[in-house]
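Shown next, in structure tokens, is the structure this report addresses.
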Amino acid sequence: QSCPPTRPDMLNVHLVPHTHDDVGWLKTVDQYYYGVRNQDQHAGVQYILDSVVAQLAADPSRRFIYAEVAFLARWWPQQDEATRRLVRQLFVGGGWCMSDEATAHYGGALEQLALGRRFLRRLFGHCGTPRVAWQIDPFGHARDLAATFAQMGYDGLFLGRVDHQDKWQRLQRRELELLWRGSTSLEPPRADIFTGILPNMYNPPAGLCWDQLCSDPPVVDGDGPERNVDAVVTSFLQAAATQAQQYRTNHIIMTMGSDFHYENAHLWFKNLDKLIAHTNARQANGSRVHALYSTPSCYLRELNRANLTWPLKTDDFFPYSDGPHQFWTGYFSSRPALKGYERLSSGFLQICSQLEALAGPSARAGPYGPGDSSVLREAVAVAQHHDAVAGTERQHVANDYARQLAKGWDSCQVLVANALSLLGGTKDPLVFCNGLNVSVCPLSEATPQFSVILYNPLARGVAWPVRLPVRGSSYAVTDPQGQPVPSQVSLEPPLAHLEPPPLPLLFQAWAPPLGFSTFGVKQLSPGGPQDPPRWPSGDTEPQIENEHLRVLFDPVTGHLREIQNLAKGISLPVFQSFYWYNASAGDSESSQASGAYIFRPNASTPLPVAKRAATRLLKTAVVQELHQNFSAWCSQVLRLRPGQPYLELEWTVGPIPVADGLGKEVISRFQTPLRTAGRFYTDSNGRQVLERRRDYRPTWNLSQSEPVAGNYYPVNTRIFI
């Protein structure tokens with residue numbers, strides 16, 4: 001009802017004032033909000049919101065859209081009631097941030113959408129919930145997120161970044177607006193969403209940028225030597241005419257804003273007011289163009305009224321390149337430690353939320369003090385941002401994301417301890433082993449007798465291998481019924497002249513669906529009943545096996561050689577090793593080098609980290625392992641446990657040496673004789689699976705300019721041939 005009137009007999013240009021406010025990138029979230037460190041990037045979001053609201057109040061015909069609820073949530077509590085009344089239908093997207101689409105898991109993406117939408121609904125009721133998804137800056141677009149928006153009731157989705165070849169070919173065919181089918185398994189139209197590709201990424205047309213961060217001249221409509229209004233309007237009309245030939249209706253959209261624009265909103269709105277007035281004044285002289293303030297929802301309404309049939313898309317928008325040698329596939333693996341911490345944090349948030357629900361309000365104020373899930377929920381939501389989990393932020397910003405997550409863990413761990421103590425009826429002190437990834441747990445290392453509580457957040461029972469650092473050589477482990485559980489202390493061969501490190505105690509544990517199990521651990525006197533683990537030596541062909549698989553290794557090079565499926569009696573040659581591509585430093589044709597965003601090897605053949613690996617074999621009743629050491633910075637353990645129908649490979653890479661001046665893009669490569677015809681499969685946000693083909697795109701005839709980087713796709717949970 002609030003949409004401005006349009007002219008059915010004219011070309012209607014919907015001008016959409018907006019700002020794109022990264023929830024962390026070159027500065028932290030707080031630095032962006034308050035306008036700190038403006039020498040790094042001039043940006044202060046609190047001033048943007050102040051300024052925009054004042055300008056909207058001055059003229060009811062003006063419009064503005066805003067996407068990043070994380071900043072709004074900081075700003076809102078500081079506003080008086082009169083200001084709050086002015087802030088209503090501003091919102092698009094509705095998420096806490098504009099989430100990444102390649103490296104985000106669907107759980108985290110849903111979490112940040114829910115948090116933002118819940119905040120808006122609480123403030124503004126039903127009308128405050130956005131109906132348009134606004135993903136204008138992520139570097140490629142995932143099919144599963146499109147399906148999510150469709151199922152959440154969004155009317156449409158707008159994209160800024162699309163592969164330059166894809167966009168050029170769509171532009172020729174007037175297919176920049178389409179119907180995206182987000183799922184092959186849901187009955188249409190449940191996962192279908194109207195999708196629009198914006199004309200200028202998310203920037204204004206050339207020459208029409210009137211922010212304080214821009215250098216275009218303002219609209220001068222006085223009589224004097226600086227008068228330029230006629231030239232500005234003519235330029236605008238030319239841009240509109242060109243754009244109208246690329247889209248299908250007599251309605252087109254222009255984004256009037258960019259990164260952190262509108263800190264002085266008066267500049268933008270005063271010039272847009274003039275542009276609209278002078279453009280529409282030309283209608284008296286026969287011009288057929290009508291300019292108006294609008295929003296993506298109002299624009300979509302007009303496209304819906306046009307009642308056209310739109311082209312259908314069923315694949316996704318990966319990988320994204322904005323030039324022949326600029327494939328944005330580097331960020332799929334940038335900052336892997338932060339990516340891993342985000343995943344662990346998302347999982348722990350689910351546990352925290354479930355136990356909060358199971359134990360009730362007492363979990364927030366139990367025997368271990370006040371606990372809360374909201375701190376971790378906000379930190380996980382912020383981490384979904386397309387410069388956070390993507391790994392494309394500055395180092396001090398990555399540190400700040402990790403700081404927010406760690407603060408959330410502290411608060412959730414108190415809540416989890418309270419809940420487990422209430423549900424399990426225990427008052428014993430509970431200790432979390434946060435350093436298990438570096439084999440550190442002071443409690444298990446120093447205490448001869450302790451209990452291990454395992455909580456399972458899944459809706460099915462799980463069995464899980466537990467690995468705890470200990471100082472003793474022999475332990476007895478008991479299950480929740482007090483029955484003995486097979487266990488083993490894995491005795492590493494001692495290194496000379498070093499204080500012996502803690503050794504891993506290994507045992508298989510299990511937990512019921514949405515429930516927990518408690519296992520007892522007790523140190524035995526030296527020389528107890530445990531068999532020492534075997535580190536076989538000799539020149540026999542090294543192998544590890546269990547009841548499902550036998551895995552063979554090359555006795556000379558130490559590489560994986562063959563996997564045998566014992567039940568089916570089949571064998572597959574599989575070779576695996578580590579390689580690196582020399583990273584291109586960029587050139588005059590395209591200045592962007594291989595780095596956080598771009599993957600750009602300077603040759604198509606990678607170099608091996610090592611021709612052979614030093615190996616050690618470990619065989620015990622609870623695990624069989626082959627340890628490979630390729631170099632001082634690259635090693636791997638291949639592992640089989642009883643009952644496990646798959647081979648586990650755990651690699652450790654880094655710090656990657658760059659003292660030789662060569663940037664290194666490191667890969668793990670599997671080679672098999674399978675005839676795959678170049679086809680393979682990857683997941684979409686951990687929820688769907690899409691078929692991929694080497695050097696091929698389902699939507700257009702690909703001209704492949706980067707044979708390595710142009711075949712990389714995001715992998716969150718699985719890739720298979």
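Position 1 is the first residue of the sequence, and the numbers go up from there. Given the structure is predicted, the values throughout are model-derived calculations rather than measurements.
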Plane angle bin for Tyr293 and Phe269 - parallel if under 30°, tilted between 30 and 60°, otherwise perpendicular: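 Ring orientation, 0 to 90° scale: tilted.
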
Parallel, tilted or perpendicular, as decided by the 30° and 60° cut-offs, for the rings of Trp328 and Tyr320: tilted

Worked verdict on Tyr32 versus Val397 for side-chain contact (heavy atoms from CB on, under 4.5 Å): CA-CA 11 Å; Tyr32 273 136; Val397 182; over 6 Å; no

Contact summary for [X] and [Y], nearest pair of heavy atoms:
X: Pro296; Y: Val132; answer: CB-CG1, 3.8 Å
X: Gln135; Y: Ser99; answer: NE2-O, 3.0 Å
X: Arg377; Y: Ser353; answer: NH2-OG, 2.6 Å
X: Asn12; Y: Met10; answer: ND2-O, 3.1 Å
X: Asn685; Y: Asp144; answer: OD1-CB, 3.5 Å
X: Val382; Y: Val29; answer: CG1-CG2, 4.0 Å

Among [options], side chain to side chain contact (heavy atoms under 4.5 Å, CB included) partner for [X]:
X: Cys352; options: Ser411, Ser373, Ser345; value: Ser373
X: Glu111; options: Gln384, Gln350, His105, Glu378; value: Gln350
X: Leu198; options: Leu176, Asn203, Thr255; value: Thr255

Is a salt bridge present between [X] and [Y], judged by a nitrogen-to-oxygen distance below 4.0 Å?
X: Glu302; Y: Arg305; answer: yes
X: Asp80; Y: Arg84; answer: no
X: Asp316; Y: Lys313; answer: no
X: Lys407; Y: Asp410; answer: no
X: Asp155; Y: Arg131; answer: yes
X: Arg74; Y: Asp30; answer: yes
X: Lys270; Y: Asp273; answer: no

Worked check of side-chain contact (heavy atoms from CB on, under 4.5 Å) between His261 and Gln212: CA-CA 8 Å; His261 278 201; Gln212 64 184 19; over 6 Å; no

Verdict with reasoning, Tyr106 to Asn716, per side-chain contact (heavy atoms from CB on, under 4.5 Å): CA-CA 10 Å; Tyr106 77 88; Asn716 283 293; over 6 Å; no

Using only atom types and a distance under 3.5 Å, with no angle test, would you say the side chain of [X] pairs donor to acceptor with the backbone of [Y]?
X: Thr19; Y: Asp21; result: no
X: Thr83; Y: Gln79; result: no
X: Gln243; Y: Ile253; result: yes
X: Arg161; Y: Gly140; result: no
X: Asp137; Y: His20; result: no
X: Asp211; Y: Leu213; result: yes
X: Arg63; Y: Pro60; result: yes
X: Ser321; Y: Pro324; result: no
X: Ser334; Y: Ala596; result: yes
X: Ser235; Y: Ala231; result: no

Verdict with reasoning, Tyr66 to Val92, per side-chain contact (heavy atoms from CB on, under 4.5 Å): CA-CA 6 Å; Tyr66 196 74; Val92 287; over 6 Å; no

Side chains of [X] and [Y]: does their closest heavy-atom pair fall under 4.5 Å?
X: Leu237; Y: Arg282; result: yes
X: Arg37; Y: His396; result: yes
X: Val53; Y: Phe64; result: no
X: Trp210; Y: Asn264; result: no
X: Asp259; Y: Tyr202; result: yes
X: Tyr331; Y: His386; result: no
X: Val389; Y: Arg343; result: yes
X: Arg170; Y: Glu177; result: no

If you measure from [atom1] on [X] to [atom2] on [Y], what distance do you get to the nearest 0.5 Å?
X: Leu159; Y: Ile197; atom1: CG; atom2: CD1; answer: 6.0 Å
X: Arg394; Y: Asn399; atom1: CZ; atom2: CG; answer: 13.5 Å
X: Leu344; Y: Leu405; atom1: CG; atom2: CG; answer: 10.0 Å
X: Ser297; Y: Asn304; atom1: OG; atom2: CG; answer: 11.5 Å
X: Gln246; Y: Arg174; atom1: CD; atom2: CZ; answer: 9.0 Å
X: Thr195; Y: His141; atom1: OG1; atom2: NE2; answer: 9.5 Å

Test side-chain hydrogen bond (donor to acceptor under 3.5 Å, both in side chains) applied to Gln238 and Thr242, step by step: CA-CA 6 Å; Gln238 284 170 345; Thr242 303; over 6 Å; no

Centres of the [X] and [Y] rings: under 6.0 Å?
X: Phe317; Y: Trp180; answer: yes
X: Tyr401; Y: Trp25; answer: no
X: Tyr712; Y: Phe599; answer: yes

Between Asp400 and Gln404: side-chain donor-acceptor atoms closer than 3.5 Å: yes

Side chains of Arg62 and Gln55, donor plus acceptor under 3.5 Å: yes

Within 6.0 angstrom of Glu226 CD, more than 12 heavy atoms from elsewhere: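 It does not: Glu226 CD has 12 such atoms or fewer within range.
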
Salt bridge (Lys or Arg N to Asp or Glu O under 4.0 Å) between Asp40 and Lys27, intermediate numbers included: CA-CA 8 Å; Asp40 294 344; Lys27 308 202 291 191; over 6 Å; no

